[in-house]
Student: 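Before anything else, here's the structure in question.
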Protein chains: 2
Amino acid sequence: MDYFEIYHPGLSIDCVIFGFHEKELKVLLLKMQNMDKWAVPGGFVKKDEDVDTAAVRVLKERASVTDVYLKQYHLFGDITRNNSAYVDKLVDKKVITDKSSLWFHQRFVTLGYYALVEFSKVTPAPDHISDSCEWVSLSELPELILDHQQIITKALHALRKQLKFQPIGKNLLPEKFTMTELRVLYETILGEELDRRNFQRKMLGYGILTKLKETRKGGAHKAPFLYCFNEEIYNRSLENGFNTVW
Amino acid sequence: MDYFEIYHPGLSIDCVIFGFHEKELKVLLLKMQNMDKWAVPGGFVKKDEDVDTAAVRVLKERASVTDVYLKQYHLFGDITRNNSAYVDKLVDKKVITDKSSLWFHQRFVTLGYYALVEFSKVTPAPDHISDSCEWVSLSELPELILDHQQIITKALHALRKQLKFQPIGKNLLPEKFTMTELRVLYETILGEELDRRNFQRKMLGYGILTKLKETRKGGAHKAPFLYCFNEEIYNRSLENGFNTVW
DNA sequence: TCAAAAGTGTTTCTTTTACACCCATGC
DNA sequence: GCATGGGTGTAAAAGAAACACTTTTGA
């Protein structure tokens with residue numbers, strides 16, 4: 001494969017994939033072949049491809065993830081983020097061929113996207129250049145390559161900022177969910193506890209939720225009602241934002 | 001000049017420079033040599049240069065603007081934004097040499113920055129590839145090259161978003177200013193009127209202002225007090241944001 | 001002396017916060 | 001039957017919005 005033929009030079013994409021499971025916010029990471037370091041799924045932009053389209057493709061190719069909320073949040077373009085020694089190591093470990101090392105030795109700027117996905121819909125599967133693919137709690141991040149730690153941190157900050165004045169939940173939660181599940185998601189992202197009753201009132205006030213007749217049975221204790229998002233109002237709120245802050 | 005030697009391939013930078021004058025928000029535009037189209041000051045990133053540093057340099061080289069607030073807000077990476085016919089025209093008009101046209105015929109993604117500058121501190125001066133350099137009201141934008149209209153529009157949206165939960169004013173206003181001047185700036189960016197008294201109370205509540213003993217004399221009517229920003233609290237608010245919304 | 005902008009305070013309304021009781025369910 | 005989480009409402013506090021009168025100044 002001739003990278004120089006196919007891809008836009010010096011530009012990569014990295015996608016921080018957020019999922020929510022067991023009251024924890026997780027990111028989907030790939031373990032580099034023959035190495036003890038992990039990485040956010042990334043890739044390159046084809047010469048005739050929109051960067052947004054490239055991000056969607058990267059998500060699919062490298063993490064088998066489709067149909068997600070995806071948002072560009074920052075271009076990482078410091079000169080320090082490149083590391084020739086790291087590429088030499090990749091060649092050494094046969095992660096990349098010697099022939100293609102010229103491509104990887106370029107200076108890259110990388111465009112950061114974050115993706116919100118429904119945890120249960122993703123079956124982590126390593127691609128051909130990864131040893132494994134796993135959900136990892138934000139509180140237990142392993143050693144990461146290059147500046148991927150920073151890329152994740154900044155994605156989390158961007159996500160928090162978005163949460164402050166836009167709805168979040170679609171794509172992170174299953175189609176039907178309880179008010180508590182939604183609240184715990186908010187608490188997890190914000191890193192603080194929220195009053196159960198006040199949360200419910202405020203959230204319902206936005207009108208983005210539809211209360212269903214069903215309840216979530218099977219759990220211990222009283223069966224809570226299920227909700228789903230009102231797509232139309234949800235999307236409108238995504239565009240316009242709220243006028244209040246969490 | 002060999003662009004390929006010096007610059008990072010396929011990556012450009014465009015800076016939307018906002019200034020505030022006579023109750024209007026303005027942008028600094030360059031008129032392309034021998035053409036009737038205008039452009040936002042832009043440039044390229046050197047191979048050994050941080051993108052943020054490149055933005056500062058571009059601002060200085062192309063618009064003689066220094067010491068400003070500068071913020072990366074979006075990477076424009078759609079495939080449609082490139083236009084070979086446009087480059088041919090530039091060669092035809094001798095804005096760029098035939099020799100360098102290969103560089104300009106690349107597909108570029110461009111990184112958008114917006115800058116906030118003090119209007120009176122800028123003396124618009126065209127650089128060597130521009131006919132003129134002028135402040136233009138946002139409401140009277142001339143015909144712009146490529147997707148520069150979109151680049152400006154998105155910069156304004158990003159600025160409005162920032163205004164909602166961060167202080168704005170430093171760099172856009174002179175060191176000393178009246179409360180009315182600050183309010184009119186806010187009104188201009190937001191595109192709506194704000195109550196004079198409520199604005200003052202809320203703004204003072206943030207603690208980012210220092211009331212001076214001086215007043216602005218010379219104008220008709222009662223002389224208003226002057227204020228300046230409390231740098232320390234201002235910068236802290238820039239970092240942390242407010243918890244309220246305008 | 002008057003028009004126009006500036007300074008200042010109060011009342012009302014809305015939003016946010018804090019908090020308590022009853023209900024349903026599985027163990 | 002009891003521990004646990006779920007449903008619901010209200011009172012107090014804080015914040016936002018609406019609003020009016022007096023002061024200063026140049027013309």
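Letters A, B, ... mirror the listed sequences (proteins, then strands); counts begin at 1.
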Student: For A:Leu194 and C:dA18, what is the distance between atoms CG and C1' respectively, to the nearest whole Å?
Tutor: 14 Å
Student: Would you name the heavy atoms of B:Asn171 and B:Tyr69 that are closest together and state the gap between them?
Tutor: ND2-CB, 3.0 Å
Student: For residues B:Leu172 and B:Phe18, report the shortest heavy-atom separation together with the two atoms involved.
Tutor: CD2-O, 3.5 Å
Student: Between P on C:dA6 and CZ on B:Phe225, what's the gap in Å once rounded to a whole number?
Tutor: 13 Å
Student: When the distance from CG of A:Leu209 to P of D:dG7 is rounded to whole Å, what number comes out?
Tutor: 13 Å
Student: Has A:Thr180 got a side-chain N or O lying under 4.0 Å from the OP1 or OP2 atom of D:dG6?
Tutor: yes
Student: What nucleotide, of D:dG9, C:dA5, D:dG6, holds the atom closest to the side chain of A:Arg197?
Tutor: D:dG9
Student: Report yes if the side chains of B:Glu181 and B:Tyr227 come closer than 4.5 Å at any heavy-atom pair, otherwise no.
Tutor: no
Student: I need the minimum non-hydrogen distance between A:Pro41 and A:Arg62, along with the two atoms involved.
Tutor: CB-CB, 4.2 Å
Student: Would you mind telling me which of C:dC19, C:dA6, D:dG26 lies closest to the side-chain atoms of A:Asp195?
Tutor: C:dC19
Student: Is any N or O donor-acceptor pair between the side chain of A:Arg196 and the base of D:dG7 shorter than 3.5 Å?
Tutor: yes
Student: Report yes if a side-chain nitrogen or oxygen of B:Lys202 is closer than 4.0 Å to either non-bridging phosphate oxygen (OP1 or OP2) of D:dA16; otherwise report no.
Tutor: yes
Student: Between A:Asn198 and A:His221, who's closer to the 5' end of DNA chain C by nearest nucleotide?
Tutor: A:Asn198
Student: Could you check how far CE of A:Met179 sits from C1' of D:dT8, rounded to whole Å?
Tutor: 12 Å
Student: Rounded to whole Å, please give me the gap between CG in A:Leu204 and C1' in C:dT15.
Tutor: 16 Å
Student: Whether the side chain of A:Arg201 and the base of D:dT10 hold a donor-acceptor pair under 3.5 Å is what I'd like checked.
Tutor: yes
Student: From NZ of A:Lys217 over to C1' of C:dC27, roughly how many Å is that when rounded to an integer?
Tutor: 19 Å
Student: Regarding A:Gln162 and A:Tyr73, do their side chains bring together a donor and an acceptor under 3.5 Å, going by distance alone?
Tutor: no
Student: Are OP1 or OP2 of D:dT8 and a side-chain N or O of A:Lys211 less than 4.0 angstrom apart?
Tutor: yes
Student: Please figure out whether A:Lys222 or A:Gln200 has its closest DNA chain D nucleotide nearer the 5' end.
Tutor: A:Lys222
Student: What is the distance, rounded to the nearest whole Å, between atom CZ of B:Phe199 and atom C1' of D:dC19?
Tutor: 19 Å
Student: By the 4.0 Å heavy-atom rule, please label A:Thr244 as base, sugar-phosphate, or nothing.
Tutor: sugar-phosphate
Student: Could you state the atom-to-atom distance from CZ of A:Arg183 to P of D:dG5 in whole Å?
Tutor: 11 Å
